[in-house]
Amino acid sequence: MTKELKVRFAPSPTGYLHVGGARTALFNWLYVKNKKGKFLLRIEDTDFQRSSKEMSKEILESMRWLGLDWDEGPYYQSDRLNIYREYADKLMEEGKAYRCFCSNEELEQRRETALAKGEKSWKYDRKCLSLTEKEIQEKLKNKIPFVVRFKVPAGKTFFDDMIHKKIEVDNDSIEDFVLLKSDKTPTYHLSVVIDDFLMGITTIIRGDDHLSNTPKQILLYKALNFPIPSFAHLPLIMGPDKQKLSKRHGGTAVLEYKRKGYLPLALINFLAKLSWNPGEDKPFFEKEELVRRFNIKRTSKNNPVFDIKKLDFINSKIISSMESEDILATMEELIKDEDRGKYILKNDRKKVLSAINLLKSRMRNLIEFIEVLENYLSDIKIYDTEGEEKYFNKNSKEYLMQFLSEIKQIDEKDFNTEKLENKLRFLAEKIGIKAGEIIHPLRLSLTGHRVSPGIFDILVFFGKQESVKRIENALKYIENEKNRS
Ligand code: GLU
């Protein structure tokens, strides 16, 4: 019987779930859903100084928001410390690990001496490997702190990475790394190997910052007689300056994208396409479609660059494809804990939906959408400054006045795009100007913005009464401004 395929995402809660971590989680998720295996979540929180409960919570919340559901866990390594200690003892009993009593100061001194002698690097010199049993007992009796080091065997270590292909390392280049720290907490290498074995993980997918850790972990698997899982190391995401993506590049926390009005499906598509080609050039795929198409072997080895414009593009395409009801529901969720956007909740639902429908094909994110929407659903408080300078003047006031008297004559029931367009073009011709000279100030009067959907759709959206009111308000505003200057 073949073993059930199982992957895991194993974040350390030392910070938010950032986009790099989310990409790792996503690739595990896509891989295992495609192959109908199981996805396990494990919080690697043994670094007590740097880990926090808030961050663990934040990571889970980010995963839920992205819709990356897991079948098992979350397990917390901090609940499993005894297990790691038992295995460290077992390795010591078998002579595969040993206690090292060297203090950090001693180690540093030996390193410095070696480097001063011209050596390029220094690795642990195995001083404590030659301690006699008597010396060890003596030090234990005197309560000299110690760490447990793995005794790296001679030879070479190979593995086949699903993305990087064959990797070979000379064990000579690996130092006898620490398994248990002096406070008896495990290092990452020890806990990760034991847990991946005990939890039945068959495939490890993680960032290629871990590539150099894998040979060490393979040596541990072998020492413990554990079967070795398969590995895939994903290329790290770079900022636009080709440096490893970090906080320096601005917001990288997943939930920050939520707060900025991005949709989880947009982030998923964006992250999936950073390192993998779904084989067809579509702005975005539904999650099921990504799962169906996923093939880890088609992951690129090159470091992808995080380009926010691509995310904006995908997000805008998703927004424009959504039902207005769904957009509104997501907006409502978003403004629940925010100061902005409350006007949406106070407005007539039908009107809000019709405004969303009018605008949804041109919005990059839901926060921008909420901001733009305000002028359509409440009285305009300020007009776009640049627009005002350009389009509110004596001439445009005159054109607006004439257009106003034209539309006042239109019957409510004939207030449609065709009629309005005829009126406007006719008027422009009569005055001897381009239609734009009326359209630009009119748009600013109606929406407060310089850009908007088609002007006739806007007029119809507001209807005769509201359009008249908005133009009159703009005229008053122009008048006042003129008197002031
Ligand atoms: N806790 C490790 C990290 O967050 C996980 C490494 C692994 O996937 O093995 O980098």
Side-chain angles (χ1 to χ4, degrees), residues 6-32 37-60 62-63 66 68 70 72-81 83-84 150 157 159 161-164 167 177-179 181 185-221 224 226 228-237 244-247 252-254 271 275 296 299:
K6 203 194 263 188
V7 301
R8 53 37 166 204
F9 178 51
S12 305
T14 52
Y16 300 109
L17 181 66
H18 54 84
V19 287
R23 197 267 316 253
T24 300
L26 173 65
F27 274 53
N28 274 288
W29 187 88
L30 289 171
Y31 179 78
V32 87
K38 288 254 156 37
F39 184 27
L40 179 145
L41 183 60
R42 184 174 69 228
I43 305 290
E44 303 208 320
D45 57 350
T46 55
D47 183 342
F48 297 116
Q49 235 117 71
R50 293 174 58 228
S51 303
S52 80
K53 288 226 157 48
E54 291 72 54
M55 288 305 144
S56 298
K57 257 177 69 189
E58 168 104 15
I59 291 171
L60 299 188
S62 308
M63 296 279 290
L66 286 170
L68 303 180
W70 55 93
E72 239 186 85
Y75 296 112
Y76 291 82
Q77 288 191 324
S78 54
D79 293 337
R80 302 167 55 79
L81 297 176
I83 302 177
Y84 313 128
F150 181 63
T157 301
F159 68 99
D161 186 273
M162 285 192 267
I163 298 166
H164 294 263
I167 304 234
F177 53 92
V178 174
L179 299 175
K181 298 183 220 164
T185 57
T187 58
Y188 155 64
H189 293 304
L190 181 66
S191 51
V192 82
V193 167
I194 291 172
D195 279 349
D196 283 339
F197 166 70
L198 293 178
M199 296 177 185
I201 303 303
T202 55
T203 312
I204 292 178
I205 303 171
R206 59 188 174 193
D208 66 13
D209 47 338
H210 288 293
L211 207 48
S212 65
N213 292 330
T214 305
K216 294 181 190 165
Q217 293 169 14
I218 288 179
L219 288 171
L220 263 179
Y221 279 103
L224 290 161
F226 292 165
I228 298 169
S230 42
F231 290 93
H233 288 88
L234 306 167
L236 290 191
I237 305 172
K244 186 180 163 201
L245 191 69
S246 72
K247 290 198 191 90
T252 55
V254 165
L271 292 174
S275 309
I296 195 136
T299 302

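As the structure lists them, so they are numbered: ligands from 1, and atoms in each ligand from 1. Keep in mind it's a predicted model, so treat the numbers as computed, not measured.
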*Atom-level proximity to ligand 1, residues with heavy atom under 4.0 Å*: Arg8, Ala10, Pro11, Ser12, Glu44, Tyr188, Val192, Arg206, His210
*Looking just at side-chain N and O atoms, do Tyr188 and Asp47 make a donor-acceptor pair shorter than 3.5 Å?*
no
*For Asn213, what residues pass the side chain to side chain donor-acceptor pair (under 3.5 Å) criterion, not counting sequence neighbours?*
His210
*When rounded to the nearest 0.5 angstrom, what distance separates CE in Met162 from CD1 in Ile204?*
9.5 Å
*asked:* Using modelled atom types and a 3.5 Å cut-off, is there a donor and acceptor pairing between side-chain atoms of Asp45 and backbone atoms of Ser51?
replied: no
*Keeping the roles fixed (side chain from Thr14, backbone from Arg50), state whether a donor-acceptor pair exists under 3.5 Å.*
no
_Candidates Asp208, Thr24, Asp161 - the one meeting side-chain hydrogen bond (donor to acceptor under 3.5 Å, both in side chains) with His233_ = Asp161
